[in-house]
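The structure appears below as structure tokens.
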Amino acid sequence: MSKRVLVSGGAGFIGSHVTVELIEAGYDVVVADDFSNSDRTCYDGVRKITGREDIPLVEMDFCDLEATRKLFSDYAIDAVIHFAAFKAVGESVAEPVKYYSNNLTSFLNVIQAGRAAGCKNILFSSSATVYGEPDTVPVTEKTPRKPATSPYGNTKQMCEDILRDSVLAYKGLRGIALRYFNPIGAHPSALIGELPRGVPNNLVPFITQTAIGKRECLSIFGDDYPTPDGTCLRDYIDIVDLAKAHVYAVRRMLDGRMEEDYEIFNVGTGRPVSVLELVNAFEKVNNLKLNYKFAPRRPGDVTAIWADPTLANEKLGWKAERTVEQTLASAWAWEKHLAGK
Ligand code: UD1
């Protein structure tokens, strides 16, 4: 019998791509989402891509403990992947209580309700933000975490700790935290992708919206960083590659192959790319000119961070495969799909 995976936040950007990969790998999936930062578009896209009309969708808020308990009793869940969380760095600085309350409560409820229902496998969606401004790059999982620079980042660190402590305390529970670098792009079908609300904070949605004419001009934040071309360096990871890492991690858990009951993996390419390089690659692969200008640094940005993905390569057997060009072409195809072009 196939194993069933609960994907909290399964209608969101990462959750929808993970749902596709899980289904294609033969897992049963239950999608749960409150649609606070998503809508049915990606859920419908997932059904189209997989040809599965019957993917259960539960509309609920994981801050509601009773609803979370009910979900775990309605479905026998073998593993949960927890994405449901707020994710805007700037907003978290302005509204810390909203972020701490939502991101911590929902995760605590998942652990609590899951445990009561006998679900022993929890995968947490963490972020490279936990490394802050690292002293050395690339970062390995052993690179010390720095104090978080935003309440959002702090919730990622705190949830990692909550998972680690829970695994230590509750016998039989296993946890994996995946630390994502910068997920970008869209599914090659252009049926699912990122759906930012309002003005995008992240680079690639801002690029694609500028190219389509929704935004006038991209501001490149800072051209005086101590990097080869003066712009920041990041590790941009294709969303489908990133989604596949979850399948490998879930399989490792469910097959009982974990070496420790709590494991952490970087999910990145190991390849630093500057903001300017990314913009140039976008123009080249999509054969267009982007309106951009240099602007002052954005407060809170780190100069350079990229992953050492060796651990995930070796232990999960996973490796990022798509090129930045392929990924940027997929991001543009998705933006055009949204615009009906
Ligand atoms: C941010 C978050 C990270 C989160 C990720 C989600 C921090 C410090 N950062 O990463 O936790 O997981 O988003 O994808 O917590 N840029 C521009 N112009 C723009 C937008 C961005 O030049 O209009 C530059 C930024 O200065 C940065 C790079 O592009 O150098 C990437 O920015 P962004 O996409 O926002 O991601 P991060 O800040 O790296």
Side-chain angles (χ1 to χ4, degrees), residues 9 12-15 17 37 83 85-93 96 99 103 124-134 137 139 145-157 159-160 177-186 193-196 198-211 214-239 242 266-269 272-282 290-307 324 327-328 331:
F13 175 42
I14 304 180
H17 287 81
N37 192 23
F83 294 108
F86 294 150
K87 62 173 185 182
V89 177
E91 187 190 38
S92 81
V93 176
Y99 272 67
N103 292 7
F124 176 64
S125 136
S126 191
S127 165
T129 196
V130 302
Y131 296 114
E133 175 101 51
V137 276
V139 292
R145 295 187 323 189
K146 291 278 184 71
T149 51
S150 70
Y152 159 78
N154 209 13
T155 67
K156 291 294 175 195
Q157 293 193 349
C159 286
E160 283 191 354
L178 296 182
R179 291 177 177 162
Y180 314 141
F181 285 70
N182 289 56
I184 63 164
E194 205 166 354
L195 279 176
V199 182
N201 295 307
N202 295 121
L203 179 59
V204 169
F206 207 104
I207 289 177
T208 56
Q209 290 197 5
T210 306
K214 256 174 123 174
R215 311 276 155 213
E216 218 166 276
C217 183
L218 166 76
S219 292
I220 295 185
F221 299 136
D223 63 354
D224 58 349
Y225 283 98
T227 59
D229 66 18
T231 66
C232 294
L233 296 171
R234 294 286 183 278
D235 186 333
Y236 296 95
I237 164 98
D238 183 272
I239 186 67
L242 178 112
N266 284 341
V267 183
T269 66
V273 173
S274 78
V275 177
L276 201 53
E277 282 171 331
L278 197 83
V279 168
N280 291 337
F282 181 83
L290 196 71
N291 195 17
Y292 70 85
K293 62 173 191 233
F294 291 104
R297 292 182 180 194
R298 181 173 69 175
D301 275 343
V302 306
T303 303
I305 182 162
W306 67 92
V324 167
T327 306
L328 291 172

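Whatever order the structure lists ligands and atoms in, that order sets their numbers, starting from 1. Scope of the values below: all heavy atoms of this structure, side chains included, with no hydrogens, waters or symmetry mates.
- For S125 (side chain) and F83 (main-chain N/O), no donor-acceptor pair under 3.5 Å exists by modelled atom type.
- Of the N or O atoms in N182, one or more lie within a sub-3.5 Å distance of an N or O in ligand 1.
- Per-residue contacts place I220 under 4.0 angstrom from the following atoms of ligand 1 (heavy atoms of the residue considered): 22 (O).
- In this structure, atom 5 (C) of ligand 1 lies nearest to the protein heavy atom N202 ND2, 4.0 Å.
- Remark: among candidates V130, I184, T129, the nearest residue to atom 8 (C) of ligand 1 is T129, based on non-hydrogen atoms.
- Of the heavy atoms in D301, only side-chain atoms (C-beta onward) come closer than 4.0 Å to ligand 1.
- For N201, every heavy-atom contact with ligand 1 shorter than 4.0 Å involves the backbone, none the side chain.
- Here CG of L178 is found 7.5 Å from CG of L242. Values are rounded to the nearest 0.5 Å.
- For ligand 1, the polar-atom distance check finds an N/O of F221 within less than 3.5 Å of one of the ligand's N/O atoms.
- Neither side chain, E91 nor Y152, offers a donor N or O lying under 3.5 Å from an acceptor on the other.
- With a 4.0 Å cut-off on non-hydrogen atoms, Y152 touches ligand 1 through its side chain and not its backbone.
- Counting protein heavy atoms only, atom 35 (O) of ligand 1 is closest to R298 NH2, 2.8 Å.
- Residue S219 touches ligand 1 through its backbone alone, judged by heavy-atom distances below 4.0 Å.
- In this structure, CG in L203 is found 4.5 Å from OH in Y236, a value given to the nearest 0.5 Å.
- Of the possible polar contacts, one joining the D229 side chain to the T231 backbone as a donor-acceptor pair under 3.5 Å is found.
- Here the CH2-CG distance, from W306 to L233, works out to 6.0 Å after rounding to the nearest 0.5 Å.
- Q157 places no side-chain N or O within donor-acceptor distance of the main-chain N or O of T129, the cut-off being under 3.5 Å.
- Shown in contact with V275 at under 4.0 Å from a heavy atom are these atoms of ligand 1, numbered in order with element: 22 (O), 24 (C), 28 (C), 29 (O), 30 (O).
- Checked by atom type and distance alone, the side chain of K156 never pairs as donor or acceptor with a backbone atom of V130 at under 3.5 Å.
- The backbone and the side chain of L203 each have at least one atom closer than 4.0 Å to an atom of ligand 1 (non-hydrogen atoms only).
- At least one heavy atom of Y236 lies less than 4.0 angstrom from ligand 1.
- Within the model, atoms CZ of R234 and CG of D301 stand 5.5 Å from one another, a figure rounded to the nearest 0.5 Å.
- The shell of residues lying under 4.0 angstrom from ligand 1, judged by heavy atoms, includes S127.
- Of all the atoms in ligand 1, the ones that sit under 4.0 Å from a non-hydrogen atom of C232 are 30 (O).
- In the vicinity of L218, heavy-atom distances shorter than 4.0 Å reach the ligand 1 atoms 18 (N), 23 (O).
- The protein heavy atom nearest to atom 9 (N) of ligand 1 is V89 CG2, 4.0 Å.
- Put simply, the side chain of N291 gets close to the backbone of E216: a donor and an acceptor are under 3.5 Å apart.
- In terms of modelled atom types and a separation under 3.5 Å, the side chain of E194 and the main chain of I184 share no donor-acceptor contact.
- At a heavy-atom distance under 4.0 Å, only side-chain atoms of R234, from C-beta outward, approach ligand 1.
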